[in-house]
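Each chain gets a letter, A, B and so on, in the order the sequences are listed, and its residues count up from 1.
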Amino acid sequence: MATEATTVKVSAKRKQRTKLQETWRRLRKNRWAMGGLSLIIFLALVAIFANQIAPYGYNEQDYLRILQGPSRENLLGTDNLGRDVLSRIIHGSRLSLSIGFITTGIGLTVGGFLGALAAFYGGRVDNLIMRFMDVILAIPGFIFAIALVTALGPSLTNLMIAVGINTIPYFARIIRSSVMSTKENEFVEAARVIGSSDLWIIFKHLIPNSLAPILVQATLRIGDTIIIASGLSFLGLGAQPPLPEWGALLSAGRGYLRVAWWMATFPGIAIMITVLAFNLLGDGLRDALDPRLKN
Amino acid sequence: MLKYIAKRLISMVPVLVGVTFIVFAIMHFTPGDPATLLLGEEAPPAEVERMRERMGLNDPFIVQYGNFLMGLFRLDLGISLTSGRPVYNEIMNRLPATIRLSAAAILVAIFIGVIAGIIASTRQYTVFDGGAMFIALLGVSMPNFWLGLMMILLFSVFWNNTFGYVLFPSSGFGTLRHLVMPAIVLGTAHAAFITRITRSSMLEVLRQDYIRTARSKGLNERVVIYIHALRNALMPVVTMAGLRFGVLLGGSVVTEQIFAIPGMGRLLVESVRSQNYTLVQGIILTYAIIFSLVNLAVDLLYAAIDPRIKVQYK
Amino acid sequence: MSANLLEIKNLHVHYITDDGTAKAVNGIDLALKPGESLGLVGETGAGKTTSALSVLRLVPNPPGKIIEGEINFNGENLLKKREREMRRIRGNKISMIFQDPMTSLNPVFTVGRQIAENVALHQNVSIKKGIERAREMLELVEIPGGRVYDYPHEFSGGMRQRVLIAMALACNPALIIADEPTTALDVTIQAQVLEIIKGLMEKVKTSLIMISHDLGVVREVSERVAVMYAGQIVEVGSIRSVFQNHKHPYTIGLFGSIPDIDDRESTRLKPTPGLMPDAMELPEGCPFHPRCPEAMKKCSEETPESVEIDERHFVSCFLYS
Amino acid sequence: MPDKLLEIKDLKKYFPTKQGLLHAVDGVNFDINRGETLGLVGESGCGKSTTGRLLLRLLSATGGEILYEGEDISTFNRKKMKEFATKAQMVFQDPFSSLDPRMSVADIIGEPLRVNRVYKSSKERKRKIEEMMEFAGIASRLINSYPHELDGGRRQRVGIARALVLNPDFLVLDEPVSALDVSIQAQILNLFEDLQDEFELTYLFIAHDLSVVKHVSDRIAVMYMGQIVEYADFDKVIYEPLHPYTQALVSAIPRIHLDDKRERIILEGDVPSPVNPEPRCRFYGRCQERKEICQEQEATLKEIEPGRFVNCLLRE
């Protein structure tokens with residue numbers, strides 16, 4: 001709807017900003033998104049300095065303090081082997097965050113490459129790649145990951161590979177559609193008219209202009225992969241004991257639900273907060289990048 | 001319309017064949033020998049070798065895949081390596097529970113999600129909107145296995161300790177009371193997702209020119225929203241909810257595990273643990289087929305909502 | 001002299017956003033007699049659409065807000081009416097035709113239903129009766145009545161615009177506001193639609209406000225014309241008077257910008273240099289003075305009043321006061 | 001003898017669609033003389049933009065020849081194509097999507113120079129950019145602005161500066177003013193005239209608006225459903241149109257003259273899309289003068305007077 005408010009011209013007098021600065025400015029105004037970003041930074045710091053922050057080692061057992069509720073010594077209680085739940089969660093943040101970033105990274109690079117290829121060349125290449133992606137997408141993601149872990153054997157590395165592969169078609173689709181819509185712009189034709197090569201067009205025009213939606217999806221996807229991965233660990237198909245992966249902690253806590261509620265409760269809250277942080281930031285980015293929401 | 005259904009069904013075939021190939025290949029190259037598994041570790045090597053021959057395990061991969069594919073047409077998915085019973089029968093025993101659970105969850109999700117989404121979008125920037133959106137965000141950020149454990153903790157353990165009886169049983173399947181917690185646990189993330197997508201879709205539609213036309217006719221706001229806007233807004237909701245159904249199916253595996261529901265998901269986890277490959281293979285295929293059928297249903301629903309779709313398939 | 005059907009007095013409409021306040025309409029006065037047709041001309045951002053939406057009180061709020069003024073319709077101030085009363089006027093007494101026929105019809109309902117809805121609502125009849133009326137209306141705009149059960153996507157752009165015209169006329173409104181109804185159409189299709197509008201104007205005796213950026217289109221269907229610039233009406237009068245004897249420097253520039261097909265010598269166009277000011281940063285005084293070739297010191301200090309230079313021909317410019 | 005810069009012979013471009021083969025451009029012939037402006041007019045979907053893109057090889061032709069200075073551009077290799085880019089350029093319709101939103105004005109105008117490595121130093125490049133901005137009438141303070149900060153008219157000027165920076169001889173102007181308001185449109189039209197004088201440019205001016213085309217063109221070609229229906233000097237096409245479609249098109253323009261008493265020709269129906277067109281005159285369905293013969297054979301463009309071409313079986 002072309003109301004006149006949206007066609008009002010930005011005068012030259014007002015401060016000039018690039019799109020990136022403009023996005024950042026709008027993102028900064030969004031309190032939720034900034035909350036998410038701060039949380040992510042906080043979690044990253046916790047993960048990096050886990051050894052310094054955690055009161056105990058992740059596998060430090062104290063048989064005199066088994067299944068103790070939250071107390072001054074053990075803020076979030078202890079588990080069935082007398083290990084400090086808080087310390088295990090702090091050490092676990094490393095695993096969960098790496099899983100999130102690495103799996104999303106795998107999906108983004110491989111899926112991005114395939115999607116960009118499909119979009120740029122179209123025709124048969126496009127058809128071949130996208131039909132293959134359709135096949136993978138026809139198997140519910142979590143179940144496909146279970147199949148892959150079964151084949152590879154349960155371990156942290158295999159978990160990341162499985163969830164990463166699982167993420168490929170997702171990114172292939174997003175990047176394909178993003179590049180396709182960028183390709184529709186006349187500036188791509190304009191670049192061709194002035195004699196630009198394919199590579200110039202891809203790197204100077206298509207990729208920079210397709211990045212925004214990809215960035216949003218990648219942020220949101222990190223949260224998703226953390227949930228998927230912890231779900232697999234919960235089923236015993238991911239990280240193996242004694243690794244303090246959050247899903248594995250929850251799984252262990254399940255057996256003691258009736259006697260030690262804290263064992264399952266706190267790792268779940270950790271997962272939720274982490275995923276929430278990525279979702280908040282992703283949502284905020286999407287809003288900041290959507291010019292229609294600017295009013 | 002029939003032609004459209006036929007076309008869509010036919011287009012499912014190559015995808016499903018691709019799925020069988022991928023699943024078969026993954027399982028084929030998985031370490032471990034089905035014959036040994038079937039006969040047990042102590043079986044004499046000669047016996048195992050005879051079994052391998054009988055199961056066609058010595059054939060080249062492509063022949064084995066061909067045989068597997070042919071078997072599918074007779075609904076023969078092989079035999080379970082632990083029980084020795086046909087995989088098909090094993091799955092059919094467990095399928096109803098999974099379908100019941102998923103259907104209950106999706107109904108809960110759509111009901112809550114669409115209503116909350118409409119409320120949020122028509123009261124943009126109010127407390128309703130903010131509140132609904134924050135709850136929805138929590139919903140999608142919450143791992144459902146954790147939510148499940150928390151509900152058990154609350155409604156089975158604490159409730160029992162406080163009031164002396166169990167409000168919702170934490171395990172088993174059969175009655176509606178058994179279904180309540182699992183359906184909520186499985187449906188929550190989906191409801192949250194649908195809320196978000198309904199809201200953004202409604203906001204998009206409410207910006208459209210035809211909404212302005214409707215208002216300029218003097219229609220009251222309720223008619224504009226529930227008649228003119230909602231039907232258009234539902235299209236992306238239906239599509240996305242269909243695509244996300246795969247996530248719900250994945251979630252059902254964990255949910256069945258937590259609430260000890262005798263569904264396919266639990267069978268899958270058991271089979272993975274016991275390296276029962278034929279059963280794993282059959283179950284994954286079944287999930288893929290359910291998912292594809294749901295997406296077909298979604299497409300048909302879409303065509304029913306949007307008159308423009310039918311034209312494309314005339 | 002008969003009473004005015006519509007009177008707009010000192011209307012101000014602002015869009016209030018985080019980045020500032022866009023003053024879209026700044027004190028316009030307009031009067032329209034029953035059966036009269038008025039063309040509202042101006043460039044993008046002049047405030048034409050906002051003025052029109054204000055009459056129906058459909059300016060999107062937020063960010064739009066009617067700051068002050070009166071809009072009297074049949075002697076009653078529309079800005080004082082309750083929302084419920086307004087709804088009885090929209091689509092019934094005053095209806096509107098929008099610019100983009102491709103997006104102005106709801107894609108999921110048949111065109112018959114969309115017209116019938118209007119009739120059923122305001123004339124208190126059943127949808128079925130409404131469909132009958134829709135059939136008549138379609139035939140009035142030269143679309144076979146049998147097509148009431150077709151969906152919008154089954155019509156071409158020109159046909160859809162006719163459907164919208166049929167819809168606007170379905171309740172015999174006293175006033176129709178057409179917002180650039182032919183801008184999105186091809187020339188030959190535009191000619192068809194204009195022909196239909198002209199024919200209908202003779203038949204149904206409705207008043208018309210035709211918003212357009214094209215002086216030629218306005219000339220086709222209007223008796224009077226008002227020229228808008230930066231949210232103000234700078235010149236208004238009968239078509240003949242304004243087209244032959246335009247006085248305001250902006251109007252002169254506007255006419256000088258039009259490539260005239262009937263002018264056999266290809267003379268150079270004489271547009272006003274510069275751009276329309278940003279509605280968020282309107283200049284002091286006459287909004288046109290920074291671009292005006294005749295600007296005087298006074299122009300940057302005071303806003304000119306409108307002066308009658310000929311019978312019902314008004315100009316807002318210090319050159320004539 | 002006029003100096004022919006471009007000769008277009010039996011140019012064809014078909015697109016496969018779900019409904020069948022779309023004959024977007026179907027046997028088009030015309031030529032453009034050095035230094036002149038040829039106006040190419042028609043309604044949406046008539047194939048005028050496709051023709052413009054074919055001329056710069058943004059699309060490859062299904063059939064026919066495009067000779068630029070006597071050379072068939074379809075035979076150009078990579079190197080020749082780069083050279084061609086410095087001679088023939090384009091100004092696009094949409095001032096929004098034709099500029100990369102992530103590039104500043106300087107980046108956009110300088111891109112052709114960088115791609116073609118015209119200058120070694122960035123200083124020289126900057127000087128050239130500033131020079132072009134001045135020619136295109138863009139204030140030098142806007143050099144670091146981004147497209148979203150500019151209004152449509154200024155954006156179009158940036159697009160013009162980009163097209164001119166390589167000193168081309170020939171410009172395809174694809175509806176360059178149709179997205180602009182009248183006064184801005186007039187400013188840009190004047191700019192095109194000035195630039196043509198300054199740089200001795202040859203234009204193919206594509207538009208849907210006959211009055212705009214008439215204003216700038218020496219000759220005009222009118223397109224309908226992928227074919228040229230009339231092609232002659234501008235005054236012939238505008239004041240003595242021969243083809244029934246041109247007559248209708250001319251009469252359909254809303255006039256600003258009060259004494260205009262011209263009888264309107266109102267065409268029936270909509271512009272059909274040329275998917276698998278039938279072998280008859282393309283205008284048959286809407287023509288008010290149609291006769292039996294018109295549906296029996298296809299009409300072709302014939303020279304009925306020197307320099308005057310009409311595609312109508314009734315005018316031969």
Checklist entry - Applying a criterion of heavy atom separation less than 4.5 Å, what residues of residues 150-169 of chain A form contacts with chain B? => result A:Thr150, A:Ala151
Item to check | Contacts with chain B made by residues 216-231 of chain A (heavy-atom distance under 4.5 Å), listed by residue number | outcome: A:Asp224, A:Ile227, A:Ser230, A:Gly231
Tell me, for [X] versus chain A, whether the close heavy atoms (under 4.5 Å) come from the side chain, the backbone, both or neither.
X        : answer
B:Phe134 : side chain
B:Phe291 : side chain
B:Leu268 : side chain
B:Leu203 : neither
B:Phe21  : neither
B:Met27  : side chain
B:Arg244 : side chain

Measuring from atom [atom1] of [X] to atom [atom2] of [Y], what distance do you get when rounded to the nearest 0.5 angstrom?
X        : Y        : atom1 : atom2 : answer
B:Leu153 : A:Leu257 : CG    : CG    : 4.5 Å
A:Arg173 : B:Leu243 : CZ    : CG    : 6.5 Å
B:Ile26  : A:Leu148 : CD1   : CG    : 4.5 Å
B:Ile152 : A:Arg254 : CD1   : CZ    : 7.0 Å
B:Leu285 : A:Ile143 : CG    : CD1   : 11.5 Å
A:Phe234 : B:Gln257 : CZ    : CD    : 7.5 Å

Checklist entry - Side chains of A:Phe144 and B:Ile22: does their closest heavy-atom pair fall under 4.5 Å? => result yes
Checklist entry - Got B:Arg196 and A:Asp283 here, is their nearest side-chain heavy-atom distance under 4.5 Å? => result yes
Checklist outcome for this item: If one checks every heavy atom of A:Leu237 against chain B at 4.5 Å, the contacting part turns out to be side chain
Checklist entry - Checking A:Phe132 against chain B: side chain, backbone, both or neither under 4.5 Å from a heavy atom? => result side chain
Checklist entry - Applying a criterion of heavy atom separation less than 4.5 Å, what residues of residues 9-18 of chain B form contacts with chain A? => result B:Val15, B:Gly18
Checklist entry - Who wins among A:Ile136, A:Val149, A:Ile269 for the most heavy-atom pairs under 4.5 Å with chain B? => result A:Ile269
Checklist entry - Which one of A:Trp261, A:Phe142, A:Phe278 has the most heavy-atom pairs closer than 4.5 Å to chain B? => result A:Phe142
Next on the checklist: Quick check on the interface: out of B:Val157, B:Ile284, B:Val269, B:Ile289, who has the most heavy-atom pairs with chain A under 4.5 Å?
Outcome noted: B:Ile284
Checklist entry - How would you list all residue pairs meeting side-chain hydrogen bond (donor to acceptor under 3.5 Å, both in side chains) that involve residues 132-153 of chain B, not counting sequence neighbours? => result A:Asn279-B:Ser141
Checklist entry - Looking at B:Ser292 and A:Ala138, what are the two nearest heavy atoms and their distance? => result OG-CB, 4.3 Å
